[in-house]
Number of protein chains: 2
Amino acid sequence: MKQDFELQNFLPYMLNQAAEASGLAFQKHYKDRYGMLRTEWRVLFHLGRYGGLTAKEIGSRARVHKTKISRAVAALEAKRFLTRTEQPNDRRHETLSLTPAGHSAFEEICSAAQRFDDRIATRFTAHEVAVLRKCLAQIAGRGSAREDSSI
Amino acid sequence: MKQDFELQNFLPYMLNQAAEASGLAFQKHYKDRYGMLRTEWRVLFHLGRYGGLTAKEIGSRARVHKTKISRAVAALEAKRFLTRTEQPNDRRHETLSLTPAGHSAFEEICSAAQRFDDRIATRFTAHEVAVLRKCLAQIAGRGSAREDSSI
DNA sequence: GCATATTAGTTACTTTTGTAACTAACAAGA
DNA sequence: TCTTGTTAGTTACAAAAGTAACTAATATGC
C-alpha cells in the first residue's frame with residue numbers, strides 16, 4: 001500500500017502548480033496588454049535583450065523548438081513588433097530585429113517582469129530566494145550542462 | 001534601457017523550466033508505461049489514494065477543470081483502469097473506483113514517484129529541500145488560501 | 001559540375017487543451 | 001404541478017502545441 005505518498009508533496013507536481021500560478025498571474029502583462037502568447041514574449045525578450053538574431057539562434061538560446069519560433073515570429077511580425085532582413089551571403093538566414101513598437105513593448109514587459117519578480121521575492125527571505133533559484137536552476141538542468149535542442 | 005533584466009533569472013520562467021524538465025523526466029512512468037496523460041495520472045492518483053470519488057470531487061481536490069476530468073475519466077475507463085457506478089439517490093453523480101488493474105498501476109506509479117522525488121532531494125541538503133517546498137507551496141497559492149475552481 | 005547531404009525555416013496534420021454550449025437530473029417556490 | 005434555477009457531466013468548437021514532412025538554400029564529396 002502506497003498510502004504514504006502524497007501528490008501535494010511531489011516535487012514535479014509542486015513545481016507545476018507554482019509555475020502555473022505564477023505564469024498565469026504574469027501573462028496579463030503580455031497577453032491582456034499586447035495579445036501575445038508566452039513564446040512570443042520570449043522571442044521578443046531575446047530580440048530586445050540581445051539585438052538582431054536569427055530564428056535558429058533564438059531557438060537555441062531560449063530552448064524552444066523551431067516550429068514554435070516560426071509561429072511566434074510570424075505573429076510578432078503581424079503585430080508589427082519585428083522585421084526580417086535577409087542575409088545576402090546566405091539567403092536561408094533572416095536576421096530578426098524589433099521595430100520601435102516592439103522595443104517599447106519589450107521595455108514595458110521587462111519592467112513589469114522585474115517588479116513581478118521583486119514582489120514574489122518579498123514573500124521570502126533573501127536566503128530563501130537564493131535557495132529557491134539555486135534549486136530551480138539545478139532541476140531545470142542548467143548547472144548539470146544539459147544542452148539538448150529540446151522540442 | 002532594461003539591459004539588466006534576465007529571463008534566465010525570472011522566477012516564473014525558472015519555475016516553468018524546472019517544472020517542464022522534471023515533468024518530462026517523470027512522464028515515462030505513466031505515459032511510456034501506461035499510455036496515460038498527466039491528467040489521467042492525477043485522476044488515477046486521487047482515486048487510488050482516497051477511494052471512490054465523483055468526478056466533481058476529484059476536480060476540486062486536484063484543482064482541475066471538469067472537462068479535463070471528464071476526458072481523463074473516459075480514457076481511464078477505456079483502459080479498464082476504473083469503473084463508474086451510478087448513485088441511486090442522485091443519478092447525476094457517478095462514483096468512480098479503480099479496477100484491480102487501475103490499482104496496480106496506481107501502486108507502481110506511486111512507487112516510482114516516491115523514488116523520483118527522493119532522487120531529486122538527494123541533489124540538495126535537507127534544508128534546501130524544505131525551503132524549496134515551502135516556497136513552491138507559497139507561490140502555488142496554498143498557504144495564502146486561494147481556492148478558485150481553476151480551469 | 002553534379003549528386004547528395006545538411007541547414008533554416010515553413011506548412012500540414014495530429015493531439016491536447018481551453019471555452020462555451022449543451023443535456024440530464026434534481027431542487028424549490030408559486 | 002409547473003416553471004425556474006442549479007448541479008454533474010458531456011459534447012462541440014476553437015486555439016495552441018507537438019510531430020513530421022516539406023521547400024529552398026547552401027555545403028560537400030566525387
Side-chain angles (χ1 to χ4, degrees), chain A residues 16-17 19-21 23-24 27-28 30-32 35-43 46-47 52-79 82-96 148-151, chain B residues 16-17 19-21 23-24 27-28 30-32 35-43 46-47 52-79 82-96 148-151:
Chain A
N16 184 73
Q17 297 292 105
E20 217 161 87
L24 214 64
Q27 74 175 356
K28 65 169 176 286
Y30 57 84
K31 192 178 177 193
D32 298 1
M36 286 188 219
L37 298 176
R38 185 151 49 182
T39 308
E40 292 169 43
W41 141 239
R42 285 188 188 169
V43 167
H46 283 273
L47 290 175
L53 298 168
T54 66
K56 179 81 192 302
E57 289 167 332
I58 299 172
S60 59
R61 278 172 190 261
R63 290 180 166 204
V64 176
H65 190 72
K66 58 181 183 171
T67 59
K68 278 177 95 172
I69 299 287
S70 174
R71 292 189 265 240
V73 166
L76 288 171
E77 192 183 25
K79 292 183 183 82
L82 65 76
T83 54
R84 320 188 191 215
T85 29
E86 223 175 45
Q87 215 90 16
N89 49 329
D90 187 338
R91 295 214 311 282
R92 285 173 304 182
H93 298 73
E94 296 178 311
T95 304
L96 307 167
D148 56 354
S149 64
S150 80
I151 210 152
Chain B
N16 185 73
Q17 296 293 104
E20 218 162 83
L24 213 64
Q27 74 175 355
K28 64 168 177 285
Y30 57 83
K31 191 177 177 191
D32 298 0
M36 286 188 218
L37 297 177
R38 184 149 53 180
T39 308
E40 293 170 43
W41 141 240
R42 285 187 189 171
V43 167
H46 283 273
L47 290 175
L53 298 168
T54 67
K56 179 80 191 300
E57 289 167 331
I58 299 173
S60 60
R61 278 172 190 261
R63 289 178 167 208
V64 176
H65 190 72
K66 58 181 182 171
T67 59
K68 277 179 95 171
I69 299 286
S70 174
R71 293 189 264 241
V73 167
L76 289 171
E77 192 182 25
K79 293 183 182 82
L82 65 75
T83 54
R84 319 188 191 215
T85 30
E86 224 175 45
Q87 216 90 15
N89 49 327
D90 188 339
R91 295 214 313 280
R92 285 172 305 181
H93 297 75
E94 297 178 311
T95 304
L96 307 167
D148 57 353
S149 64
S150 79
I151 211 153

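Computed over heavy atoms, backbone and side chain alike; hydrogens, waters and symmetry mates excluded. Order of the sequence lines fixes the chain letters, A, B, ..., with proteins taken first and strands second; residue numbering starts at 1 for each chain. Note that the structure is a prediction, hence the values are computed from the model and not measured.
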Gap between atoms [atom1] and [atom2], on [X] and [N] respectively (whole Å):
X: Arg71(B); N: dG18(C); atom1: CZ; atom2: C1'; value: 8 Å
X: Gln27(B); N: dG18(D); atom1: CD; atom2: C1'; value: 12 Å
X: Glu94(A); N: dG9(C); atom1: CD; atom2: P; value: 7 Å
X: Ile69(B); N: dG9(D); atom1: CD1; atom2: C1'; value: 11 Å
X: Ile58(A); N: dT7(C); atom1: CD1; atom2: P; value: 19 Å
X: Lys66(B); N: dT17(C); atom1: NZ; atom2: P; value: 18 Å
X: Arg63(A); N: dA17(D); atom1: CZ; atom2: P; value: 19 Å
X: Arg42(B); N: dT17(C); atom1: CZ; atom2: C1'; value: 13 Å

Phosphate contact ([N] OP1 or OP2) by [X] side-chain N/O below 4.0 Å:
X: Lys56(B); N: dA8(D); result: yes
X: Arg92(A); N: dT10(C); result: no
X: Ser70(A); N: dT10(C); result: yes
X: Arg84(A); N: dA8(C); result: no

Flag if over 12 foreign heavy atoms under 6.0 Å of NZ, Lys31(B) | no

Around atom NZ of Lys56(A), are there more than 12 heavy atoms of other residues, nucleotides or ligands at under 6.0 Å?
-> no

Please tell me which of the listed nucleotides, [options], lies nearest to the side chain of [X]?
X: Leu37(B); options: dT19(D), dT17(C), dT10(D); result: dT17(C)
X: Lys68(B); options: dT26(D), dT17(C), dA25(C); result: dT17(C)
X: Asp90(B); options: dT11(C), dA25(C), dT7(C); result: dA25(C)

Spatial distance of atom CG (Asn16(A)) from atom CG (Asn16(B)) [nearest 0.5 Å] = 9.0 Å

State, yes or no, whether a side-chain contact exists between Arg61(A) and Ile58(A) at a heavy-atom distance under 4.5 Å.
-> no

May I ask you to say what Thr39(A) touches in the nucleic acid, namely base, sugar-phosphate or nothing, with a heavy-atom cut-off under 4.0 Å?
-> nothing

5′-ward residue of the pair Thr67(A)/Lys31(A) relative to DNA chain D | Lys31(A)

Glu40(B) with Arg71(B): basic N within carboxylate O range, under 4.0 Å | no

